[in-house]
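The sequence lines fix the lettering, A, B, ..., with proteins before strands; numbering per chain opens at 1. Everything numeric here is computed off the predicted structure, so don't read it as measured data.
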There are 2 protein chains.
Amino acid sequence: MSEPDGGTVGKAMTVLDQVANFGRPVRFSELLKDSDFPKATLFRLVQTLTQQRLLTYDNQAQTYLPGLRLVQLAHAAWAQSSLATVAAPYLDELAHKFGEAVHLAQLENGQVLFIDKRQSVYRFDTLAQTGQVAPAYCTGVGKAILAFMAPMERDHALRQQAFVGYTPTTHGAPDSLLQELDAIRASGVAYDREEHERGIISIAAPIMSDDTNVLGAVSIATSTSRHTIESLDRFEAVLRSTAAQIGSAARVWRAPMPANPSYGNSGGENS
Amino acid sequence: MSEPDGGTVGKAMTVLDQVANFGRPVRFSELLKDSDFPKATLFRLVQTLTQQRLLTYDNQAQTYLPGLRLVQLAHAAWAQSSLATVAAPYLDELAHKFGEAVHLAQLENGQVLFIDKRQSVYRFDTLAQTGQVAPAYCTGVGKAILAFMAPMERDHALRQQAFVGYTPTTHGAPDSLLQELDAIRASGVAYDREEHERGIISIAAPIMSDDTNVLGAVSIATSTSRHTIESLDRFEAVLRSTAAQIGSAARVWRAPMPANPSYGNSGGENS
DNA sequence: TTGACATGTTCCATTATTTGAAACATTGTC
DNA sequence: GACAATGTTTCAAATAATGGAACATGTCAA
């Protein structure tokens with residue numbers, strides 16, 4: 001981690017993230033304490049963000065909060081993300097069929113981002129909510145995605161994992177994870193064996209846009225009070241076929257657009 | 001409104017909005033055609049946004065889309081917006097009790113922003129989804145909020161209304177709307193008489209944090225095939241009491257935070 | 001009341017970033 | 001092969017961001 005910023009926009013985003021991560025109304029001085037920016041600079045950044053309605057200022061309590069404009073923008077991002085809209089009916093079906101929690105996730109900057117979810121009829125709540133992020137190395141959806149990524153991208157993603165031990169079963173290092181990813185690639189499904197949250201297990205399948213391209217993953221999550229890892233296999237067949245259906249639906253959805261067919265582009269991030 | 005921008009961040013946000021409003025993958029040249037920015041400037045703005053993952057670049061199709069980082073940020077905004085989290089159980093209750101669609105909205109920059117919703121059991125879909133925006137002057141929630149705003153703020157908001165005629169019953173000018181707002185203030189509830197969408201009607205109640213401060217509004221929306229404006233009154237009592245409950249819940253929720261009791265702050269916008 | 005302290009806001013000369021016309025590069029088309 | 005369209009880079013000039021320090025405001029203790 002050297003300098004992910006550089007431009008003014010980057011600095012503004014750093015501050016925005018900072019406020020978002022506080023998870024509660026935050027004072028200017030609190031931000032200042034946590035920030036590398038000098039007082040005057042931070043002040044103007046916060047002011048700019050507030051003007052843009054990316055932050056909200058509560059002048060009763062003199063605190064800042066992430067602004068609602070973000071919710072508005074996110075709707076556009078969500079609606080246009082190929083997966084979310086396409087997958088919705090399939091998630092409904094899965095949730096309805098089994099009554100368990102269903103999650104749809106994509107990888108975003110090395111982390112699992114939950115794009116959509118369906119609640120279990122049993123109303124216990126996993127942490128996951130739309131828009132939330134979780135580590136990739138210790139979630140079912142995360143491992144399902146990692147397993148089917150192109151080796152180069154996967155390595156990049158693996159280097160972003162923190163390998164914090166949330167529970168006794170959490171992977172503590174890349175080695176054991178890599179081994180499991182091989183197994184996942186062979187079997188086609190990934191399990192979360194209480195690796196992130198004690199008492200929560202899941203089975204996840206990757207969503208492929210084609211043989212080599214993973215878009216995201218679906219999972220069925222439940223609690224150890226109702227299922228064991230073994231009994232999750234009851235869901236496997238339907239889960240896999242649903243993931244496959246979502247994949248092809250996404251492929252079709254993407255098709256209308258190209259205008260210039262075929263391209264010989266070989267990887268390469270921009271800048 | 002001449003130039004809401006000025007800073008670099010403002011310009012970047014303009015571009016981000018532009019991409020979001022396209023509602024589909026968009027090429028650089030399309031953005032350029034629609035933009036006041038010179039080519040090189042726009043190019044660098046788009047590049048910056050992409051680096052920040054506020055935009056996603058599909059180098060297959062050479063198109064830009066709003067980035068998933070927005071979804072992540074929006075979750076923070078949503079979870080911390082006093083209303084959304086506080087109101088959730090009440091929305092559940094309303095939806096369960098009547099089986100009709102329930103909407104929770106706030107005013108954001110003169111527009112109605114849907115913060116949360118519950119689906120009707122009848123599965124007809126109104127336009128509203130979380131994160132979507134709608135005009136204030138022709139929706140139940142919008143009018144409920146406008147009616148209870150402080151006069152100065154209301155005037156400001158009214159000047160932001162476009163008064164487009166979506167249907168025959170849409171208000172075409174401020175005059176008739178103002179009259180209705182008086183009536184709403186007197187009665188405590190607002191109706192949408194197919195003003196935004198033909199066939200969709202709703203009854204809405206404001207959510208007040210105290211006698212003079214409106215936070216948002218809740219509504220029950222249905223279709224003309226199941227209800228008339230008159231039969232919506234069946235919901236009025238429960239809707240009003242729910243709105244009141246959400247209001248006091250929000251008040252309590254805000255209380256825990258201060259740390260330094262009492263404050264003699266008298267208004268004053270910043271900047 | 002007074003003074004010390006913490007927090008938040010503004011100034012302004014300096015510095016660094018952004019700007020954009022024009023040149024360049026790449027790809028698709030006739 | 002020349003042409004057109006789209007996307008990318010360059011570089012001096014214009015602009016915006018910077019941050020140390022001064023200022024303002026409110027808080028608290030003596």
Going by an N to O cut-off under 4.0 Å, is there a salt bridge joining B/Arg69 and A/Asp17?
yes
Take the protein atom CD of B/Gln47 and the nucleotide atom P of D/dT9, then report the distance between them rounded to whole Å.
6 Å
All side-chain hydrogen bond (donor to acceptor under 3.5 Å, both in side chains) counterparts of B/Gln245, not counting sequence neighbours
none
If you go through the side-chain atoms of A/Lys39, does one of them form a donor-acceptor pair with the base of D/dG20 closer than 3.5 Å?
no
Please give, in whole Å, the distance from C/dT18 C1' to B/Phe43 CZ?
15 Å
Check the distance between D/dA5's C1' and B/Glu30's CD and give it to me in whole angstrom.
14 Å
Is any side-chain N or O of A/Arg27 closer than 4.0 Å to OP1 or OP2 of C/dG8?
yes
For B/Arg24 and B/Thr63: C-alpha separation, side-chain torsions, deciding distance, then whether side-chain contact (heavy atoms from CB on, under 4.5 Å) applies.
CA-CA 9 Å; B/Arg24 60 172 176 80; B/Thr63 53; over 6 Å; no
Would you say B/Ser29 places a side-chain N or O within less than 4.0 Å of OP1 or OP2 belonging to D/dA5?
no
Between CG of B/Leu32 and P of C/dA21 the distance, given in whole Å, is 11 Å
Counting neighbours of CG on A/Asp210 that are heavy atoms of other residues, nucleotides or ligands and sit closer than 6.0 Å, is the number greater than 12?
yes
To the nearest Å, give me how far apart CG (B/Asp58) and P (D/dG7) are.
13 Å
How long is the straight-line distance from OG1 of A/Thr242 back to OH of A/Tyr90, given to the nearest 0.5 Å?
9.0 Å
With no hydrogens and no angle check, just 3.5 Å: does a side-chain donor-acceptor pair link A/Thr56 and A/Asp58?
no
Protein-nucleotide distance (B/Asn59, atom CG; D/dT6, atom C1'), rounded to Å:
16 Å
Rounded to the nearest angstrom, tell me the gap between atom CG in B/Leu42 and atom P in D/dG7.
10 Å
For B/Phe28 and D/dA5, what is the distance between atoms CZ and P respectively, to the nearest whole Å?
16 Å
Protein heavy-atom contacts under 4.0 Å, written 5' to 3' over nucleotides 10-18 of chain D as B (base), S (sugar-phosphate only) or - (none), form the string ------SSB
Spacing of A/Met149 atom CE and A/Thr212 atom OG1 [to the nearest 0.5 Å]:
12.5 Å
